[in-house]
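Only one structure is covered here, and it is reproduced in the block below.
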Amino acid sequence: MLQIQLPDGSVKEYPETFSAIDVAKTIGERLANATLAAEVNGTVVDAMRPIAETVVQASSLPLNTPIALKLITNKDPKALAVMRHSAAHLMARAVMRLYPGVGLAFGPTTGHGFYYDFDLDTKISEDDFPRIEEEMKKIIAEAEPFERFNATREEAVKFCGDLNQKLKVEHIQTGLADHDSLSFYRQGEFVDLCRGPHVPDAGRVTAIKLISVAGSYWKGDANNKQLQRLYGTAWFSQKDLDDYIKQVDEARKRDHRVLGKQLGLFAISNEVGPGLCLWLPKGASIRATLEEFIKKELLKRGYTPVYSPHIGRVEMYETSGHFPYYRESQFSPIFGHDAGALVDFWIRKLRDHAAGTAVFSIDDEQKLLESARVMGAGLADYPIGGAVETKIELLRTWEKSQERYLLKPMNCPHHVQMYASQQRSYRDLPVRLAEFGTVYRHEKTGELNGMLRVRGLTQDDAHLFCTPDQVEEEFKSTLELVKFVLQSVGLDDYRVQLSLRDSKNKSKYVGSDENWDRAEATLRKVLTEMGLSFTACEGEAAFYGPKTDFMVRDCIGREWQLGTVQLDFNLPERFKLEYIGSDNTPHRPVMIHRAPFGSMERFCGMLIEHFAGAFPLWLAPEQVRVLPISEKAFDYAQQIESRLRVAGFRATTDYASNRISAKVREAQLQLIPYMFVVGEKEAAEDAVDVRDRLLGDNERQKMKVDEAIAKLTQEVLERKVRQVAKSSFRSFDEGAEDENAY
RNA sequence: GCUGCUGUAGCUCAGUGGUAGAGCGCGUCCUUGGUAAGGACGAGGUCGUGGGUUCAAGUCCCACUAGCAGCUCCA
């Protein structure tokens, strides 16, 4: 007999052959019908498999200890993930019926649904969705069971080979090389290599919808074959599905690119260039307010503002290691000599030739030399056909004698030079240099996205130089700053990701073991002490040091990576930074990079979506609009506007010859927080009729002008966030599957 | 960068190989009003760019360019 412990703590005995479904049936038929999967000793498994079998597989606990069993019903997000994975199988089965000979890749779940990658020559388009969905619904109606069976590796290879599933064969032979036994799931005529688990039968898959089709790469590698990825979503009920679709529409409505245009916040002009953001007056106002806010905070916290130029010598970036390592995502260097780009290209060709990745003939060489001469670069000693190393050396020497600048891809080296511009004593540390530094990165065209991914961006950057002893305190203060800043703009739902080095492969990282161990322990300690919830990710650190990233959840449940705090052992080393310690000998400082917003572009883009364009009073580009009822009130309206401006408010007056209701509507659509309606009555008593955008016509308040200004001033001071469109929607990210696990 | 889709008035978009349309916005005039759209008239277009097919191209084909979705990437 099986000893089963149910979630309420009770232990019961069941026959050895019992499955979770059988257990559910002993409790009730309705429960059995609602049961989609089971959790056995904490692992999610098929509800229809004998429990004993899943225990052996799931853990090696002896059979005589009670087995913890939890029935996973259609109320549980875990069941949703299982059902979505089953839906992916149904979709693959439908596609196979409609497109014979299709190759199958992977079909995992995602936060909101599932996808399956297909190797298929015929292009699937959205027009094909209805027939695929129809086929899926047919399969659901047939409600055939999911049957699991195991095979040895050899059997599995032969099996998939017989089905002509080449990608599956390859995956078994490479990705799953360490698995002796592999599981398959049969669903009618459809059989797929799969770890499971699945719902008991196809009929349990309820509300489904295909979402989109897009290209993807086999095993995520851009060098591999391109596949067609079909996205779908699945929910427990049509209502959930409808809610989800509504939610997607909601997200689309708050798209910062749409709102940015509608509200006149920013623009991207083709003439200026892709990925180059133009901050229009209203967007600039939001940014300026945020910058002022940060600047004040930084002064309070002992930072010193600095400025640096937008370009720097290529040599500096060679020292820092950023050039040519990140060459692909940088704008090309600015050369002082016409032949600069030519010689630069030439050196790369020689290097590629030496590495055997490209052919560089003597003929090519002669042509380049001739061109260089025409351009006025001497290079008289260049030995055509000579040793590659000598030639590179000669070209490098020429190059170094010329001016070469890079548009700065980051601010660090500039700040490093500021640190190095003076001799430093331990008494001077920490040095905290802050700058809204604009940097340029040549992101690939397909990666640009509104303000979220741009080519020119301004980081709210700062670099802290401190002694190893000060790391703890400095790290803590930077985290507190990020926390404070996020809270001030009403973002209070976030988690921290702590990225540590890969302890098994330490050679990838610079800096001593001792420093790393100490730093990692410090970060962990500080995060714990501050009570921040964090997930530690080994192997995610930058090569130069451990880091923490703030993952912020917005009001419709999407997660954004914003602020970052990073430790750096590398740059102080490369630039040989020093300070004189109390022992009167030179020491190497530790550097901390930090940016609470990340970049102004990304942060503002995110805020637009978070607030859906309806910024809180302190951030709103236009805080008050004065609305005169008729021409008779124009003079008074003008007075009110200037009084508001004197009090520090961003206010305008609507002098259009429209009716008041049209002006109100216009201001509502522009998401202006307050309207001051003024007519002859108000003018007579030095008052305004305050219309709050959120309360509308119901709670209008007639107030004395001074009183109204005082009320708004207080709201700005508190940086009150009065409205964020709340949503009950949460994605079930935790249900997403690891694609490589099969 | 890859795959697919898209590019028509300031914005959102119709447009069937035969000489360009709507709504909103904008301008002028009328209207002077009390909290989400008052009325009339008017201006506004190299149909993304360059080639090709055709008697004829916004429409069909090719290339480029930009945007969107996804992939890949993000110091």
Side-chain angles (χ1 to χ4, degrees), chain A residues 110 115 117 123-127 211-231 252 255 257-258 261-262 264 267-275 317 320-323 325-330 408-413 439 441-450 452-455 457 459 542-545 547 561 564 566 568 570-571 593 598-599 602 625 627-634 655-670 675-682 689-693 695-702:
Chain A
T110 64
Y115 66 79
D117 283 345
K123 292 284 173 221
I124 298 178
S125 83
E126 294 201 7
D127 300 340
I211 299 293
S212 61
V213 58
S216 69
Y217 299 101
W218 171 236
K219 297 203 166 177
D221 185 338
N223 297 316
N224 282 343
K225 182 162 192 184
Q226 184 136 24
L227 309 168
Q228 295 189 67
R229 176 169 297 178
L230 210 46
Y231 283 88
R252 197 172 294 136
D255 188 317
R257 291 165 299 194
V258 175
K261 194 174 251 180
Q262 256 168 36
I268 291 176
S269 150
N270 227 338
E271 311 290 310
V272 175
Y317 297 103
S320 73
H322 295 121
F323 185 89
Y325 189 67
Y326 292 109
R327 170 139 205 163
E328 292 308 304
S329 47
Q330 282 163 6
K408 69 177 172 188
M410 70 265 308
N411 304 299
C412 332
V439 299
R441 296 175 184 181
H442 194 266
E443 304 288 357
K444 292 182 210 158
T445 51
E447 279 142 17
L448 298 174
N449 177 313
L452 302 180
R453 207 57 195 277
V454 289
R455 285 184 171 167
L457 54 129
Q459 299 174 311
F543 74 93
Y544 51 77
K547 60 173 184 171
Q561 188 188 322
T564 176
Q566 310 183 358
D568 187 347
N570 181 48
L571 287 183
H593 309 245
S599 78
R602 194 179 156 74
R625 184 168 289 180
L627 306 180
I629 301 265
S630 75
E631 267 173 24
K632 291 174 201 135
F634 278 11
Y655 294 110
S657 72
N658 276 326
R659 297 206 172 163
I660 189 65
S661 55
K663 295 184 186 184
V664 166
R665 180 183 137 87
E666 179 62 22
Q668 284 284 147
L669 292 176
Q670 288 289 311
M675 284 157 245
F676 285 5
V677 177
V678 293
E680 288 168 289
K681 281 184 245 167
E682 285 77 12
D689 194 56
V690 178
R691 183 190 163 108
D692 182 325
R693 190 185 65 81
L695 303 176
D697 193 25
N698 304 323
E699 293 180 51
R700 278 157 44 200
Q701 256 186 303
K702 188 174 275 190

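Predicted, not measured: the structure shown is a model, and the values here were computed from it. Side-chain atoms are counted along with the backbone in the values below, which use heavy atoms only and exclude waters and symmetry mates.
Residue contacts shown for R257(A) are limited to sugar-phosphate atoms, with no base heavy atom under 4.0 Å away. Contacts of Q670(A) with the nucleic acid, taken as non-hydrogen atoms under 4.0 Å apart, are absent. Across all strands, E682(A) comes closer than 4.0 Å to base atoms (heavy-atom distances). Within 4.0 Å (heavy atoms only), E680(A) reaches at least one base atom of the nucleic acid.
Phosphate contact (OP1/OP2 of U12(B), side-chain N/O of K261(A), threshold under 4.0 Å): present. Contact between the side-chain N/O atoms of S661(A) and the OP1/OP2 oxygens of G38(B) is found at a separation under 4.0 Å. When the side-chain nitrogen and oxygen atoms of K444(A) are compared with OP1 and OP2 of C71(B), none of them lie within a distance under 4.0 Å. Within the 4.0 Å cut-off from OP1 or OP2 of A69(B), not a single side-chain nitrogen or oxygen of Y115(A) is found. One finds no side-chain N or O of R602(A) lying less than 4.0 angstrom from the OP1 or OP2 phosphate oxygen of C74(B).
The nearest heavy atom of RNA chain B to L669(A) and to R453(A) marks one nucleotide each, and the one closer to the 5' end goes with L669(A).
Picking from G70(B), G34(B), C30(B) the nucleotide with the shortest atom distance to the side chain of S657(A) gives C30(B). Taking only side-chain atoms of E447(A), from C-beta outward, the nucleotide of C74(B), G1(B), G33(B) with the closest atom is G1(B).
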